[in-house]
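Below is one structure; the comments refer to it alone.
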Amino acid sequence: MSLEDELFEQRLGRVREMEAQGLLPYGRRFGFTHTIPNILQEYGTKTAEELSPQTRVKIAGRVMTIRRMGKAGFAHIMQSGERLQVYVKKDALPETDYQLFASLDLGDIVGVEGYLFRTKTGELSVHVEKLEFLSKILLAMPEKWHGLEDVETRYRQRYLDLIANPDVHKVFVTRAKIVKSLRTTLDALGFVEVETPMMQPLYGGAAAKPFVTHHNTLDLDLYLRIAPELYLKRLVVGGLERVYEINRNFRNEGISTRHNPEFTMLEFYQAYADYNDLMDLTEKLLARVAMEVTGGTTVEYEGHKLDFGSIRRLTMREAVREQGGNGDLAGPALVEEFEAKVERGLIQPTIIYDFPVEVSPLSKNKPCDPAFVERFEVFAAGMEIGNAYTELNDPQEQRRRFDSQISRREKGDEEAHRMDEDFLRALCYAMPPTGGEGIGIDRLVMLLTGSRSIRDVILFPLLRPEGEIGLADRLRRLDQKA
RNA sequence: GACCCGGUAGCUCAGCCGGUAGAGCAUUUGACUUUUAAUCAAAGGGUCGCGGGUUCGAGCCCCGCCCGGGUCACCA
């Protein structure tokens with residue numbers, strides 16, 4: 001018999017024993033008085049004397065370690081990635097509760113009631129007087145010391161990763177804080193959050209290959225959006241003058257440490273503004289989010305100290321010249337030169353502005369030089385994390401840009417924009433002069449959490465499906481045996 | 001898509017020149033009423049990713065495939 005089957009049998013046996021005693025192996029609501037992080041924060045620095053008179057607590061969580069010593073024992077209970085020790089003494093709690101403790105498995109979920117104290121070695125602990133069983137683990141927990149290191153298992157069974165690796169828990173809590181910080185800043189500036197279609201009859205707003213899906217009733221092929229841009233700009237036409245969306249984009253392209261087929265993007269549009277205003281706003285957003293998440297504007301990333309408190313600005317031509325490239329180039333050739341000579345070296349947060357018009361079909365021309373557009377990208381750690389421009393709001397010019405995209409497409413550029421007449425019609429109703437920007441949330445989270453792969457900031461990154469697991473069959477067999 | 005690395009017990013990993021598959025944690029049994037990677041004693045646990053081949057003999061060598069990681073390409 002394999003070890004896993006053996007574990008199943010042992011633990012299902014314990015489930016049956018509990019049921020026989022009238023206990024619930026899968027319990028019901030548990031009214032706790034404190035969370036473990038609460039207790040650690042409130043009492044973590046109190047001395048033994050300061051803990052009297054007794055503070056009674058009722059807590060719940062997952063059993064992470066057990067040290068049994070005959071008629072007493074210790075365990076650590078984990079909640080929200082933090083652990084608190086509990087001390088269980090045979091003559092301090094009811095017989096049945098002690099029996100329960102004696103048959104606990106690592107990974108079980110329990111509720112505990114007792115009072116706070118400090119052990120001989122000074123660790124804050126709960127002196128247990130009541131133990132309630134809440135949920136039974138059937139499979140084995142990852143190793144207590146090394147945690148779960150197998151990358152594939154970490155991604156496929158993220159719950160195990162979260163249980164075994166507290167740092168992973170922290171990354172995703174930080175991710176939530178980052179998104180909240182961006183929302184708070186934008187909300188305070190009067191931006192309205194909206195949701196626009198994920199499924200679009202025409203895709204646009206970026207150069208990328210789309211995913212295709214189909215609606216049965218309408219018998220209609222739809223694209224998962226590659227960007228929300230064209231819908232958000234329709235909203236600006238409609239008078240939502242400050243508008244943003246934080247949501248998923250889907251691009252049917254390669255997977256790497258910086259690319260996942262679905263990723264989260266913040267896009268925001270501000271009427272009556274241009275790309276200079278957005279540069280200022282970008283600095284403010286980034287400095288603030290870094291401050292709120294890490295307590296400062298500098299963050300460590302791959303051995304570099306990135307300073308989000310001072311963001312350099314230079315034109316694409318200046319950047320190319322600075323690296324010894326040919327700054328006299330124009331059009332796509334300039335972009336190629338930039339990507340070859342500059343991009344990867346942009347470690348410190350940097351704004352690169354003034355892009356060639358050919359690669360920017362939705363941006364407004366620079367008045368003094370129509371070969372360039374009012375567009376910038378933000379780079380850090382060699383990664384593009386944002387893209388912004390003064391929006392093209394002249395419908396006739398937009399039509400010409402679409403036309404030239406179409407001829408590029410006819411020459412084989414699969415990622416060139418398609419004609420979007422509905423969008424053109426919206427522009428024909430007059431869009432105010434507007435600045436718009438997209439910020440890649442996943443990459444920003446990477447920078448602010450020190451994660452080297454985008455998969456480490458996405459809870460369930462895309463993987464090929466694994467083979468048969470065979471678990472249902474085993475459980476079925478054991479059920480029949482019982 | 002190309003190249004490099006990896007897949008051995010539930011987990012973390014060893015496995016020499018091709019010669020009977022190993023350790024720690026976890027599990028089971030026993031001892032232990034302030035331990036903390038608890039300790040002590042004993043036991044059980046393997047489709048060596050999958051399929052072929054070479055060989056007297058393959059975890060190890062060869063071929064194909066699957067899964068994952070990395071680099072590059074792609075991603076304006």
Side-chain angles (χ1 to χ4, degrees), chain A residues 1-11 13 48 64-76 83-92 98 103 105-107 117-125 127 137-157 160 163-165 206-209 226 249 251-261 263 316 331-336 338-339 343-344 355-363 373 375 377 383-384 387 405 408 413-417 440 452-453 455-456 461 463-468 470:
Chain A
M1 185 167 57
S2 81
L3 181 68
E4 229 170 47
D5 281 333
E6 202 177 305
L7 278 182
F8 266 136
E9 279 210 356
Q10 286 163 9
R11 292 175 181 190
M64 298 303 287
T65 63
I66 306 177
R67 293 172 295 283
R68 276 187 270 259
M69 302 168 301
K71 299 184 180 62
F74 292 87
H76 275 102
R83 296 171 186 220
L84 181 61
Q85 180 171 264
V86 301
Y87 175 56
V88 180
K89 193 161 70 160
K90 193 174 196 306
D91 49 24
Y98 191 76
S103 64
D105 288 301
L106 289 178
F117 77 111
R118 280 199 185 269
T119 62
K120 256 184 201 166
T121 52
E123 182 167 345
L124 181 67
S125 306
H127 195 281
I137 188 170
L138 296 181
L139 287 166
M141 288 273 282
E143 216 244 11
K144 65 181 173 188
W145 188 241
H146 298 92
L148 179 66
E149 307 214 330
D150 182 76
V151 181
E152 187 172 350
T153 310
R154 287 185 43 226
Y155 296 154
R156 289 194 195 282
Q157 295 176 258
L160 277 185
I163 291 168
N165 302 318
K209 296 186 194 90
I226 58 173
N249 288 345
R251 297 187 184 174
N252 205 340
E253 283 162 0
I255 295 177
S256 78
T257 48
R258 300 167 172 204
H259 299 85
N260 194 61
F263 63 100
M316 183 173 281
L334 176 63
V335 178
E336 270 171 44
F338 170 78
E339 284 169 359
E343 183 167 359
R344 241 156 261 217
F355 281 54
V357 63
E358 293 85 345
V359 298
S360 315
L362 303 163
S363 315
V373 293
R375 172 179 176 188
E377 288 189 352
M383 276 193 297
E384 178 193 338
N387 179 21
Q405 287 289 306
R408 287 174 73 120
D413 183 354
E414 274 185 83
E415 298 185 350
H417 261 89
R452 55 173 42 191
S453 169
R455 294 182 200 94
D456 292 325
L463 301 180
R464 285 202 154 86
E466 65 182 318
E468 281 294 306

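Lettering of chains follows the sequences in order, A, B, ..., and the numbering in each one begins at 1.
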How would you label the contact of A:E415 with the nucleic acid (heavy atoms, under 4.0 Å): base, sugar-phosphate, or nothing? sugar-phosphate

Euclidean distance for C1', B:A37 against B:G51 (whole angstrom): 41 Å

Please report the interatomic distance CD(A:Q157) to CD(A:E466), rounded to the nearest 0.5 Å. 6.5 Å

Return the value, rounded to whole Å, for the distance between atom CE of A:M316 and atom P of B:A76. 12 Å

Tell me: CD of A:Q10 to P of B:G44, nearest whole Å? 15 Å

Who passes side chain to side chain contact (heavy atoms under 4.5 Å, CB included) against A:S360, sequence neighbours left out? A:F355, A:S363, A:V373, A:R375

Applying salt bridge (charged side-chain N to carboxylate O under 4.0 Å, His left out), name anything that partners A:K71, two or more places apart in sequence or on another chain. none

Test of understanding: with side chain to side chain contact (heavy atoms under 4.5 Å, CB included), list the residues that count as partners of A:T257, not counting sequence neighbours. A:S453

With sequence neighbours excluded, tell me which residues meet salt bridge (charged side-chain N to carboxylate O under 4.0 Å, His left out) with A:D413. A:R408

Could you state the atom-to-atom distance from CG of A:D456 to P of B:G70 in whole Å? 8 Å

Counterpart residues, salt bridge (charged side-chain N to carboxylate O under 4.0 Å, His left out), relative to A:R452 (two or more places apart): A:E302

Atom pair CD (A:E9) and CG (A:D5), whose distance is rounded to the nearest 0.5 Å: 7.5 Å

Side-chain donor/acceptor of A:D150 to backbone N/O of A:T153, under 3.5 Å: yes

Separation between the P atoms of B:C48 and B:A9, rounded to whole Å: 9 Å

Does A:E358 have any salt bridge (charged side-chain N to carboxylate O under 4.0 Å, His left out) partners at least two apart in sequence or in another chain, and if so, which? none

Which part of the nucleic acid does A:R258 contact within heavy-atom distance under 4.0 Å: base, sugar-phosphate only, or nothing? nothing

Residues forming a side chain to side chain contact (heavy atoms under 4.5 Å, CB included) with A:I137, sequence neighbours excluded: A:R11, A:R62, A:D105, A:D108, A:M141

Report which part of the nucleic acid A:F117 touches: base, sugar-phosphate, or nothing (heavy-atom distance under 4.0 Å, all strands). base

Comparing nearest nucleotides in RNA chain B, the 5'-proximal residue of the pair A:R452, A:A208 is A:R452

For A:K89, answer base if it contacts any base atom (sugar-phosphate contacts may also be present), sugar-phosphate if it contacts only those atoms, and nothing otherwise; contact means non-hydrogen atoms under 4.0 Å. base

Strictly under 4.0 angstrom, non-hydrogen atoms only: write out the protein contact profile of nucleotides 7-14 of chain B, one letter per nucleotide from the 5' end, B, S or -. ---BBSS-

Rounded off to whole Å, could you give me the CG-to-P distance for the A:L106 and B:U35 pair? 20 Å

Across the strands shown, which category fits A:R464 at heavy-atom distances under 4.0 angstrom: base, sugar-phosphate, nothing? sugar-phosphate

What is the distance, to the nearest angstrom, from the CD atom on A:E9 to the C1' atom on B:U27? 13 Å

For A:T119, what residues pass the side chain to side chain contact (heavy atoms under 4.5 Å, CB included) criterion, not counting sequence neighbours? A:F74, A:Q85, A:F117, A:T121, A:E123, A:S125

Does A:Q85 get its side chain close enough to the base of B:U35, under 3.5 Å, for a donor-acceptor pair? yes

Nearest-Å distance once atom C1' is located in both B:G59 and B:U20: 14 Å

Using whole Å, what does the distance between atom C1' of nucleotide B:U34 and atom NE2 of A:H127 come to? 9 Å

Please list each protein N or O that sits under 3.5 Å from an N or O in nucleotides 71-73 of chain B, with the distance.
none

What stem regions, each of at least 3 consecutive Watson-Crick or G-U pairs below 3.5 Å, can be found for RNA chain B? B:1-7 with B:66-72, B:10-13 with B:22-25, B:27-31 with B:39-43, B:49-53 with B:61-65

Check: A:E384 main-chain N/O paired with A:E377 side-chain donor or acceptor under 3.5 Å: no

Nucleotide N/O of nucleotides 48-51 of chain B paired with protein N/O under 3.5 Å:
none

